[in-house]
Engineer: 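The structure's right below; bear with me while I get my questions together.
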Amino acid sequence: MTVNDGIDVVRNWILSRHPERARIGPDEDLVRTRLVDSLSFVELVYVIENATGAEIDFDTIDLKDFQSLSAIQRAFFTTA
Amino acid sequence: MRGHPGVNDSRDRFQHVLDRLSTKAVDDYYNPYRLLEWPDSLPDDMWWMSPELTTTHGTAVAAGLSEAQLRALSKYESLNFYSLNVHGIRDLLIEVTRRIHTSGYEEPSRFFHHFIGEENEHMWFFAEFCLRYGGRIYRQQPAGERAAPQRKETESLLVFVRILVFEELVDHFNSLMARDTRLHDTVRAINRIHHQDESRHIAFGRELVGLLFEDVRRTADEGELDAVAAYVRRYMTYSFESLYNPRVYRDAGLDDPLGVRRKLLDSPERAELERSVFHRTRTYLERTGLLR
């Protein structure tokens, strides 16, 4: 899975839960716009894990890494 | 949780229940560190939890697996279930400890001591089981902010509703597995002991939630009560879905673990299991008016 494929999977997952939305801006705040809330957050983590193949430790999560699609891309889909 | 005119009957009843449950907690007191027996290992090929309680039971996913695979899956599902207990208990201990002997909690504080002591012991034996036989405790999303900011009364109500929903969820499994003769004695024992204590905690939780809801209902408008009901409904679904952990399916060797979770969550068997697990809880919450 390429870097772009990975973030596309995340974007598509969010859009599938919000049929009223056609697109999500890369810097749009996912929490403030309620695209992701505390009860759907765990599913978002699983979606990212599935796309990257690496387990995310809930105990060391930094919420800033999940604030927007661009933040998710930087934290989980950018190769060094 | 302050007194208000017209609710003396409820408060008398609460006091009576607290007395009864505190006495029973003293009478039933046990030492879990001595009571439980821990074999060095448990057979990998046994049923680790009742097959009917596993998330794949009766589903198309299960139809594609051998009995050996289903038994292996039951091991990881049981570890996930006990891990949920560990994390749920830690969250509720934080919330109860935050409130014990503070203003408004003068009455229940005496029972809180039993509650905190017993819950700490439950957390110990569930963690011991996971670490001894599985080598890990599955991590879970921390409690964090699970509801939009609320006024103090509503926040406390939602805290104790969350605790009650969690306790009723796990007790459904505990009570059935405690009686399941297909399961190993050690598995049955931890479920039996937990069920014995949780029965008291649930009775207490229902009384406390009832009183807290009376306080909220007296001062809330219809919009706030609708929002509370919607949140509780979502929280019940969220709790139930935590049983469907893709990390479990991965560890059991299933392909596409997230796809398995999605298939299972969308299956008719899931709806039936959720209905059966929360039958009593839903009836109680509807009777109080919390679910509308």
Side-chain angles (χ1 to χ4, degrees), chain A residues 1-21 24 28-69 71-73 75-77, chain B residues 55 76 80 83-84 86-88 90-91 127 136-150 155 158-159 161-162 165-166 227-228 230-251 254-266:
Chain A
M1 184 175 288
T2 68
V3 168
N4 284 336
D5 287 345
I7 200 65
D8 285 346
V9 167
V10 175
R11 181 186 295 107
N12 290 340
W13 174 78
I14 297 172
L15 287 172
S16 72
R17 300 174 63 93
H18 294 277
E20 76 282 4
R21 296 287 300 257
I24 305 167
E28 194 169 347
D29 191 316
L30 301 176
V31 176
R32 209 167 46 217
T33 53
R34 301 194 66 77
L35 288 168
V36 174
D37 66 11
S38 55
L39 296 182
S40 59
F41 181 76
V42 68
E43 183 98 11
L44 172 65
V45 171
Y46 290 150
V47 168
I48 296 170
E49 273 188 6
N50 199 54
T52 60
E55 187 165 320
I56 298 168
D57 187 345
F58 281 113
D59 291 353
T60 56
I61 270 176
D62 185 345
L63 289 177
K64 288 199 293 292
D65 291 339
F66 298 85
Q67 204 154 14
S68 64
L69 287 174
I72 292 171
Q73 181 150 24
F76 302 103
F77 295 105
Chain B
T55 58
Y76 295 102
N80 182 56
S83 298
L84 288 173
V86 170
H87 299 301
R90 188 186 52 248
D91 290 348
R136 70 174 294 180
I137 296 172
Y138 282 104
R139 301 271 185 243
Q140 298 290 334
Q141 181 187 3
E145 292 294 322
R146 282 184 181 165
Q150 309 282 342
E155 185 192 325
L158 293 183
V159 162
V161 169
R162 283 205 298 266
V165 166
F166 161 72
V228 165
Y231 175 79
V232 172
R233 204 170 282 115
R234 281 199 70 208
Y235 184 75
M236 290 171 74
T237 298
Y238 165 84
S239 302
F240 183 78
E241 290 186 352
S242 61
L243 296 167
Y244 295 72
N245 187 341
R247 295 170 181 178
V248 162
Y249 307 134
R250 178 201 61 197
D251 291 348
L254 273 56
D255 291 333
D256 185 17
L258 192 62
V260 168
R261 171 180 153 96
R262 183 43 53 201
K263 258 186 233 156
L264 293 173
L265 287 178
D266 291 343

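Below, read A as the first sequence line, B as the second, and so on, with proteins coming before strands; counting in each chain starts at 1.
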Engineer: Who passes side-chain hydrogen bond (donor to acceptor under 3.5 Å, both in side chains) against A/Asp65, sequence neighbours left out?
Structural biologist: none
Engineer: So for atom CG, which belongs to A/Asp57, do other residues, nucleotides or ligands contribute more than 12 heavy atoms lying within a distance under 6.0 Å?
Structural biologist: yes
Engineer: Check A/Tyr46 against B/Arg247 and note the closest heavy-atom contact, atom names and distance.
Structural biologist: CE2-NE, 4.1 Å
Engineer: Salt bridge or not for B/Arg250 and A/Glu55, using N-O below 4.0 Å?
Structural biologist: yes
Engineer: Looking at OH of B/Tyr231 and OG of A/Ser38, how far apart are the two atoms once the value is rounded to the nearest 0.5 Å?
Structural biologist: 6.0 Å
Engineer: Taking side chain to side chain contact (heavy atoms under 4.5 Å, CB included) as the definition, give me every residue that meets it alongside A/Glu28, ordered by chain and number, with sequence neighbours left out.
Structural biologist: A/Arg21, A/Ile24, A/Thr33, A/Leu35
Engineer: Look up atom CZ in B/Arg234 and atom CG in A/Asp37, then write down how far apart they are to the nearest 0.5 Å.
Structural biologist: 4.0 Å
Engineer: Quick check on A/Val47 against chain B: is it the side chain, the backbone, both or neither that has a heavy atom closer than 4.5 Å?
Structural biologist: both
Engineer: Measuring from B/Leu258:CG to A/Ile48:CD1, what's the distance to the nearest 0.5 Å?
Structural biologist: 11.5 Å
Engineer: On a heavy-atom basis, which atom in B/Tyr238 and which in A/Leu39 lie closest, and how many Å separate them?
Structural biologist: CD1-O, 3.3 Å
